[in-house]
Number of protein chains: 2
Amino acid sequence: MNMSPRNDSCQNCPIRHSAVCAECDAHELAVLEQLKSYRTYAPGASIASAGEPLTHLSSLVVGCATMSRTLEDGRRQSVGLLLPADFIGRPGRAVSLFDIEAVSEVTLCRFERQQFERLVRDTPHIASRLLSMTLDELDVARGMAVTLGRMTAREKIVSFLVSLARRQAAVTKREPREMPVALHLPLSRQAIADHLGLTIETVSRQLTQLRKAGLITLGDSRDITIPDFERLQLEVGEDEVTGTI
Amino acid sequence: MNMSPRNDSCQNCPIRHSAVCAECDAHELAVLEQLKSYRTYAPGASIASAGEPLTHLSSLVVGCATMSRTLEDGRRQSVGLLLPADFIGRPGRAVSLFDIEAVSEVTLCRFERQQFERLVRDTPHIASRLLSMTLDELDVARGMAVTLGRMTAREKIVSFLVSLARRQAAVTKREPREMPVALHLPLSRQAIADHLGLTIETVSRQLTQLRKAGLITLGDSRDITIPDFERLQLEVGEDEVTGTI
DNA sequence: CGTAAAGTTGATTTTGTTCAAAGAACGTGG
DNA sequence: CCACGTTCTTTGAACAAAATCAACTTTACG
């Protein structure tokens, strides 16, 4: 609700080289600078709702959000975890198909829909980057379908932890091979359950089992250590870069 | 394997107005005409394999194919049903992440990867259409995640039938409201099971139950009639345009 | 502190899988 | 054109994985 007071320069932006603007040159960045606005959301706040108009398209700058859909009777399925540099919204569609909810405090870099759509039309560097990001997201979404459709509860949890560690490593620029890997879960047990198509009880039990098997260590319920990353990876019947998140 | 002998003009192409070339003008089409080649695949033939190079990007012109991934122990999950106008392959990625298999006889309109990537770079009408199609596919893939993660077997089947009927209606230009709706299943029971994250037995049982409930009629095992489309839709805990396929 | 929210653990039930077998459809070759 | 084998589909019975129901523990927070 509160407009962020700061008006940081794109040059210092933490997602400058990974967001939708990544390919832009200085001149293009100057245009973005004119059009962008920041907005922050408190943890738990709704950023968008399925079926409701989405007036702005944004890049997530700081924090973590989930994209999900809730069926009439309350069953919820998350379809994506949004982390810094991820893009929110769909040029050409005025209405969101999913609920988007801030998990931690979130800062978005926003563009008014019409203006952004013009940008996409007139700025090949943006169009090309958006296409590339969308294609990546598509691969991730399809990998997610494999996880949801065919993996056991244990495999789902392991695959989630592995993806999270990889994604965290990509930011930290540390290889997840460096052991042990310390992992902070951005999601509650319930949110993990919604992400993996499980119940909260099953998530809890599987984590306990992994702990008893020595594959992970649980500190604070949000902090996990993976003593042997390779060994954890072996637990899931899939190799290579499939990306569950 | 066999190069199609024909060299049809794009003007008469059945997917002229819905494929990746939909926005192209006559001049751009002339360029495509120079670069394209047709190739057909027999039912069951492999069009691409996960982990293998994909030298051509294509539009599916005629037929039906599935995109899937198989885990080491043989569990398979389909992540998409490919129908006419659907695009196959990913500019910027030389290796396929999924297996693509012809279900019926399939004709592809193919472009050599490098050449197509140049086309995307130089032809805004293609880039823009590709982006739009990719965004649509992303929504579909995420809708699929909701189905796989949170729906019961019965809901999965109903949602599959409803989507198929809608998609078929889009081609036929008949409203699925016109009753009764005749539906031809392009997939075997096993392929449906792989698509919905179920076993073949569960698919069969659920179809039988739907038949006993009077929601569908089974003729040939591939031919289904939906006497009351509205009523079938009510069976699934989701409304609106979510797109399961 | 004391209350609420989040997480864990146990007992039981349900849904869908697995195992098994029989029935229908299809294609081939005699 | 029909017999035969193969594949696909259906159905049944037993089983297993995860959900549900319920209680208890831990953590967070005013």
Side-chain angles (χ1 to χ4, degrees), chain A residues 42-44 66 71 73-77 103-105 147-161 184-213 216-224 235-237, chain B residues 42-44 66 71 73-77 103-105 147-161 184-213 216-224 235-237:
Chain A
T66 58
L71 305 185
D73 60 359
R75 283 173 291 175
R76 180 197 295 217
Q77 177 62 48
V103 168
S104 63
E105 176 163 295
T147 302
L148 291 170
R150 290 300 188 201
M151 288 196 181
T152 63
R154 183 187 178 106
E155 289 169 327
K156 285 176 177 182
I157 296 284
V158 170
S159 135
F160 172 70
L161 295 178
H184 179 78
L185 301 181
L187 302 181
S188 68
R189 296 288 186 270
Q190 182 61 64
I192 296 173
D194 290 342
H195 190 75
L196 298 174
L198 300 171
T199 60
I200 183 176
E201 292 95 332
T202 299
V203 170
S204 186
R205 275 187 255 269
Q206 294 299 331
L207 285 172
T208 302
Q209 272 193 228
L210 291 175
R211 179 175 57 71
K212 286 182 178 163
I216 61 173
T217 311
L218 284 162
D220 174 6
S221 72
R222 293 291 189 101
D223 284 304
I224 287 182
E235 286 292 311
V236 61
Chain B
T66 58
L71 304 185
D73 61 358
R75 284 174 288 176
R76 178 198 297 218
Q77 177 63 49
V103 167
S104 62
E105 176 162 296
T147 301
L148 290 171
R150 288 302 187 199
M151 288 196 182
T152 63
R154 182 188 179 105
E155 289 169 328
K156 285 177 177 181
I157 296 284
V158 169
S159 134
F160 173 70
L161 294 178
H184 180 79
L185 301 181
L187 303 181
S188 69
R189 296 288 186 269
Q190 183 60 64
I192 295 173
D194 290 342
H195 190 73
L196 298 173
L198 299 171
T199 59
I200 185 175
E201 294 95 332
T202 299
V203 170
S204 185
R205 276 188 255 269
Q206 294 299 331
L207 285 172
T208 302
Q209 273 192 227
L210 291 175
R211 179 175 58 69
K212 286 182 178 163
I216 62 172
T217 312
L218 284 162
D220 174 6
S221 72
R222 294 291 189 100
D223 283 305
I224 287 182
E235 286 293 310
V236 61

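We name chains A, B, ... by the order of the sequence lines, and we start the count at 1 in each one. Owing to the predicted nature of the structure, the values given are computational and were not obtained by experimental measurement.
In this structure, the CD1 atom of A/I157 is 16 Å from the P atom of D/dA17, given to the nearest Å. When the C1' atom of D/dA16 is taken as reference, atom CZ of A/R154 falls 16 Å away, rounded to whole Å. Protein atom CG of A/L218 is 15 Å distant from nucleotide atom P of D/dT26, rounded to whole Å. Going from atom CD of B/Q190 over to atom C1' of C/dA25 covers 18 Å, rounded to whole Å. Residue B/D73 contributes atom CG, which lies 14 Å from atom C1' of C/dT17 at whole-angstrom precision. Between the CD atom of A/E155 and the C1' atom of D/dA17 there is a distance of 12 Å, rounded to whole Å. Atom pair B/R222:CZ and C/dA25:C1' shows a separation of 12 Å (rounding to whole Å applied). Rounded to whole Å, atom P of D/dA19 lies 7 Å from atom NZ of A/K156.
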Checklist entry - Should A/R75 and A/D73 be marked as a salt bridge (charged side-chain N to carboxylate O under 4.0 Å, His left out) after you check the CA-CA gap, both sets of side-chain angles, and the distance that decides it? => result CA-CA 6 Å; A/R75 283 173 291 175; A/D73 60 359; 3.0 Å; yes

Next on the checklist: Determine whether A/L185 and A/L161 satisfy the following criterion, side-chain contact (heavy atoms from CB on, under 4.5 Å), listing intermediate values before the conclusion.
Outcome noted: CA-CA 9 Å; A/L185 301 181; A/L161 295 178; 3.9 Å; yes

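Distances from the side chain of A/T199 to the nucleotides D/dT20, D/dA18, D/dT9 place D/dT20 closest. Of the listed nucleotides (C/dT9, C/dG7, D/dT9), D/dT9 has the atom at the smallest distance from the side chain of B/I200. Comparing D/dT10, D/dA18, D/dC21 against the side chain of A/E201 picks out D/dC21 as the nearest. Side chain of A/R205, nearest nucleotide from D/dA18, C/dA11, C/dT17: C/dA11. The side chain of B/S188 sits closest to D/dT9 out of D/dA19, C/dT8, D/dT9. Minimum atom distance to the side chain of A/A153 is reached by D/dA18, of the listed D/dT11, D/dA18, C/dC26.
Here A/L198 lies in heavy-atom contact (under 4.0 Å) with sugar-phosphate atoms only. B/T202 comes within 4.0 angstrom of a nucleotide base, judged by non-hydrogen atoms across all strands.
Close to D/dT26, at under 4.0 Å from its OP1 or OP2, lies no side-chain N or O of A/S221. Remark: B/S204 is not in phosphate contact with D/dT11, judged by side-chain N or O atoms under 4.0 Å from OP1 or OP2.
Nearest-nucleotide positions on DNA chain D for A/D220 and B/V203 put B/V203 closer to the 5' end.
The only option from A/E155, A/R154, A/R150 that meets the side chain to side chain donor-acceptor pair (under 3.5 Å) definition with A/T152 turns out to be A/E155.
No side-chain heavy atom of A/L218 sits under 4.5 Å from any side-chain heavy atom of A/L210. Within the 4.5 Å cutoff, side-chain heavy atoms of A/L207 are placed close to those of A/R189.
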